[in-house]
Amino acid sequence: MDHYVITGGTRLEGVVPISGSKNAALAIVAAAMVLDGPCRIDNLPEVRDINLLLEICQSIGATIEFEKPGTVFIDATTINTHEATEPIVSSLRGSYYLMGALLGRFGKAKTSMPGGCNFGNRPIDLHLKGFAALGASSDVTYGHVNLECSKLKGGSVFLDQVSVGATVNIMLAACKAEGLTVIDNAAREPHIVDLANFLNTMGADIRGAGTDVIRINGKATLPANKDYMIIPDQIEAGTYMMLAPLTRGDITVTNVIPKHMEPLTAKLLEMGSTVEEGEDSIRVIHDASTPLVGTSFKTMPYPGYPTDLQPQATCLLCFAEGGGRMIENVWENRYQFVDDLKKMGASILISGRLAVVQKAVLTGASVKANDLRAGAAMVMAGLMALGETRVFDIIRIERGYEKFIEKLKGIGAKIERESVLVP
Ligand code: UD1
C-alpha cells in the first residue's frame, strides 16, 4: 500500500499547469455513449476515475483509442448492450451517467447502483424523477437500476434541489428524446456548460446551460464526427491556489478559466492574498509579512463557493489569524476528515453543518485520505505541519488529481510516495 510522506514548513513557489476537469470529463465521456458517430476528446485528465469510466464504456462495446496522452478517440456505435452491471460500475460514482446515456441511446438501461466518495447519503431520486418526466419507468432491484420506456419523450422537470448529477443525466437522455425537455432549477456548474457545448458540437440542440433553466430539443440522430476540448479543472486549480496563502508562497496556475475561480478568488483576497488574473492564468501571492486573515465560508451550488473546495479551505483556516467558520450546505456529512486534522493538533468544533475553526499549531501524524478532496486537505495540512506527516489511502486522492506528487514537487513541496509491503 502506497502512502505519501510529507515534510512540512516549505514555502511553495512556481507554476502549476492545470489538467482537464475530471467532473466535466466524466459527463462528456458518458455523453459520447449517446452519439451516432465517433468523436475525439482532448484535455482528458489521466486520473483513476476517468480510466475506470473508459474501461466500463469499453466493456459494453464502445471503441476507445488513446491517440496520445489526454486525447481519446471514442466510437459508441459499436456498443452492443444497454446493460452496464459489471462490478467496476458500482465502484465509480460517475458511472451513474450511463443511466442517462444508455437510456438516450436504447430507450432502456440497466446499471449498477453507483459508488464513489464517502460523504453522506447520495440519493438518485432526482435522476429517476427526471427520467420519469421523459416517460421512463424505473425500479431498483438487487443493486441494479432498471429503466424502461416505450418511447422517450421530452418533458418538464423541476429539480427541488440543485443537483449536478441529475441535471447531467436528464440532459443525456433528453438530447435523444422526441420533443422539448425543460429542466427547471438546473445546476449551473462549469461542467454543465461544458457538457452542453460538447453535445451541441456533436449535433444536439441545448440552450440555457449556465442558467437555471435548460431547454433541450431532442434529436433522432447526433452525427458527431467532431473534436472537443474539455475545460480546465476548477477544483484542482483551487487546491493549488490555496497553497500560496497556506505556505506564504507564490503560485501561478495556468490553463485555467479565471471566471470559474471567482468564488475562491474573493475569499483569498479577504484572507490577505494578492491575486493577479491573466487571460488563462492566476497568480496568488501571500508574503510572510502579511497576516493570513480568518474568514467565513459557505458552500453553495455554482456560482457559490464549491463544496469540493471545502475540506481544503477548512484546513487553510487552521492556520489563519482568528480562525474562521465553515458552513457545508451541500453534503450532510462532509466533515469526517476533521478527526484526522485533530490528530495533527487542529482545533475544530463541528455542530451539524457548521465547523468553527481556531488557529492552531499542527504537527505531523499518520492520517488518511477519507475521500478525494479530504485527501488533498490532509496533504495541505502536512505541507505546513511541524515534522513529518504520512497520508494513507492515497488511491482516493489519485482518483481525481493528475500527477499530484509531480505537480507539488514542481513548486518545491517535500513529498514522496512510499510503498509498504503488506506480508
Ligand atoms: C457532483 C460532483 C461532486 C460535487 C457535487 C456538488 C461529479 C461527478 N461529482 O456530485 O464532486 O461534490 O456535484 O457540487 O460531478 N441529491 C438528492 N437527490 C438526488 C441527487 C442529489 O437529494 O437525486 C442531493 C445530494 O444528497 C446533495 C445535493 O443534492 O445534498 C447535491 O448533489 P449533486 O449535485 O447531485 O452531486 P453529484 O452530482 O453526485
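When a ligand or atom number is given, it counts from 1 through the structure's own listing order.
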> Looking at D371 and R396, does any basic side-chain N land under 4.0 Å from a carboxylate oxygen?
Replying inline: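 Salt bridge absent between D371 and R396.
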>> I'd like to know if R93 pairs up with D49 as an ion pair, taking the criterion as any Lys NZ or Arg NE/NH1/NH2 lying under 4.0 Å from an Asp or Glu carboxylate oxygen.
In response: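 So R93 does not pair with D49 through a salt bridge.
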> Will you find, in the side chains of S21 and Q234, an N or O donor that is under 3.5 Å from an N or O acceptor?
Replying inline: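 Looking only at side-chain atoms, Q234 and S21 do not form any donor-acceptor pair under 3.5 Å.
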>> Which of the numbered atoms in ligand 1 are under 4.0 angstrom from any heavy atom belonging to R93?
In response: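 Matching atoms, with element in brackets: 39 (O).
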> For ligand 1, which atoms sit closer than 4.0 Å to a heavy atom of G165?
Replying inline: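 What qualifies from ligand 1 is 35 (O), 38 (O).
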>> I need the Y335 OH to S351 OG distance, nearest 0.5 Å.
In response: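 These two atoms lie 10.0 Å from each other.
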Does [X] approach ligand 1 within less than 4.0 angstrom via side chain, backbone, both or neither, non-hydrogen atoms only?
{"X": "Y96", "value": "side chain"}
{"X": "H191", "value": "side chain"}
{"X": "R334", "value": "side chain"}
{"X": "L26", "value": "side chain"}
{"X": "I124", "value": "backbone"}

> Are any of the heavy atoms in Y302 under 4.0 Å away from ligand 1?
Replying inline: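 The answer is no, since Y302 has no heavy atom less than 4.0 Å from ligand 1.
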Quick check: [X] and ligand 1, any N/O pair under 3.5 Å apart?
{"X": "K22", "result": "no"}
{"X": "P123", "result": "yes"}
{"X": "L126", "result": "yes"}
{"X": "T307", "result": "no"}

> Between the candidates S163, S21, G400, G130, which shows the shortest non-hydrogen contact distance to atom 35 (O) of ligand 1?
Replying inline: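 Selected option, by shortest heavy-atom distance: S163.
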>> Please check if the number of heavy atoms outside K342 that lie under 6.0 Å from its NZ is greater than 12.
In response: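 Yes, the 6.0 Å shell around NZ holds more than 12 heavy atoms from other groups.
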> Does atom CG of L269 have more than 12 heavy-atom neighbours, drawn from other residues, nucleotides or ligands, at distances under 6.0 Å?
Replying inline: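 For L269, atom CG is crowded (more than 12 foreign heavy atoms under 6.0 Å).
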> Taking it one step at a time, do K368 and D393 satisfy salt bridge (charged side-chain N to carboxylate O under 4.0 Å, His left out)?
Replying inline: CA-CA 6 Å; K368 61 182 185 307; D393 293 340; over 6 Å; no
> Can R373 be said to sit on top of Y401's aromatic six-ring, NZ or CZ under 6.0 Å from centre and within 45° of the ring axis?
Replying inline: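 So R373 does make the cation-pi contact.
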>> When you measure from the centre of the six-membered ring of F297, is the NZ or CZ of K267 closer than 6.0 Å and no more than 45° off the axis?
In response: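 Judged by the rule, K267 and F297 form a cation-pi pair.
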